[in-house]
Amino acid sequence: MRIVTFTHAGRRQVGRLDAGAVTPLAVDAREGAQTLIDLLAAGNHMPAAGAPPLRLADVQLDAPLPRPRRNVFCIGLNYRSHAAELAARGFNGAKTAEDLLPKAVVAFSKVPESVIGPGAAIEMPAASSAIDYEAELAVIIGKAGKRIARAQAMDHVFGYTIVNDVTARDLQKRHQQWLIGKSCDTFCPMGPWIVTRDELDAGRLGVKLWVNDDLRQDGTTADLVFDIPAIIEALSATMTLLPGDVIATGTPAGVGMATDPPRWLRSGDRVRVEIEGIGTLENPVV
Ligand code: MG
């Protein structure tokens, strides 16, 4: 099943997407609503009373979770190909990819207010001159849990979407901790919808990103250092995961900082992320 959050006639709603038609559901889509994923995960997919299906082309898609209930969890250095390209540039003093491969999950976060939907503009802050992109598969948690064992981890997944982990590299470096460089307003494009877990084998999905027509990232989730069960096990070891939590699982090789000279985003660019089995997330840069 594909779940969309959309705006039509000035009203934000949640719907089910089938073959280009959006059926509004009887769940509350108000911004900040904490119950959305609880309701959906509990099987509450009742169509809204008296609401006819709409054409996808006639609605404006929003981020599937326009304002996550808390910070978006993000995993760093989680593709072997990405670690290799950063090692080649001497990132963190590394000489080989092996030096950069984390021994334990590297986690940071983006504030909920950084989330924007498909088509919304990534706004370049005046404080940065090094804006980068990161195509990522994102996991949506559907069932709360703590100390979740690897074997049960997938039971806690509601579905998947796409996140572009937009990053101000200069701020990321200057402030040491990554929160500021990762959490600028508009730096978390998300969408275009949630694909439920039953429809996707997330272990081997193509992850691609274009800047305008230039293919920059072309990876596969088979290259993950820590797979989804390992990430859930690590995060939930000490923190209770909650329905509606979003976990961006890291980015493959091809980021702008990995080339010499770096290829930063510029005003007027369009960034398009495509993940196999999910769809396409495109955002302009201004
Ligand atoms: Mg990232």
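Quick note: residue numbers are just sequence positions, from 1. Heavy atoms only: backbone and side chains are in, while hydrogens, waters and symmetry mates are out. Remember, it's 1-based here, ligands and their atoms both numbered in the order they're listed.
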Next on the checklist: What I'd like to find out is whether the side chain of Arg67 reaches to under 4.5 Å of the side chain of Val115, using heavy atoms alone.
Outcome noted: no
Checklist entry - Are Thr280 and Pro192 side-chain neighbours, meaning at least one heavy-atom pair lies under 4.5 Å? => result no
Which N, O or S atom of [X] lies nearest to the Mg ion (ligand 1), by name:
X: Asp165; result: OD2
X: Glu136; result: OE2
X: Glu134; result: OE1

Item to check | Short side-chain donor-acceptor distance under 3.5 Å, Asp132 and Thr167 | outcome: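 Checked: Thr167/Asp132 side chains show no N/O donor-acceptor pair below 3.5 Å.
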Next on the checklist: I'd like to know if Arg150 pairs up with Asp227 as an ion pair, taking the criterion as any Lys NZ or Arg NE/NH1/NH2 lying under 4.0 Å from an Asp or Glu carboxylate oxygen.
Outcome noted: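 Yes, Arg150 and Asp227 are salt-bridged.
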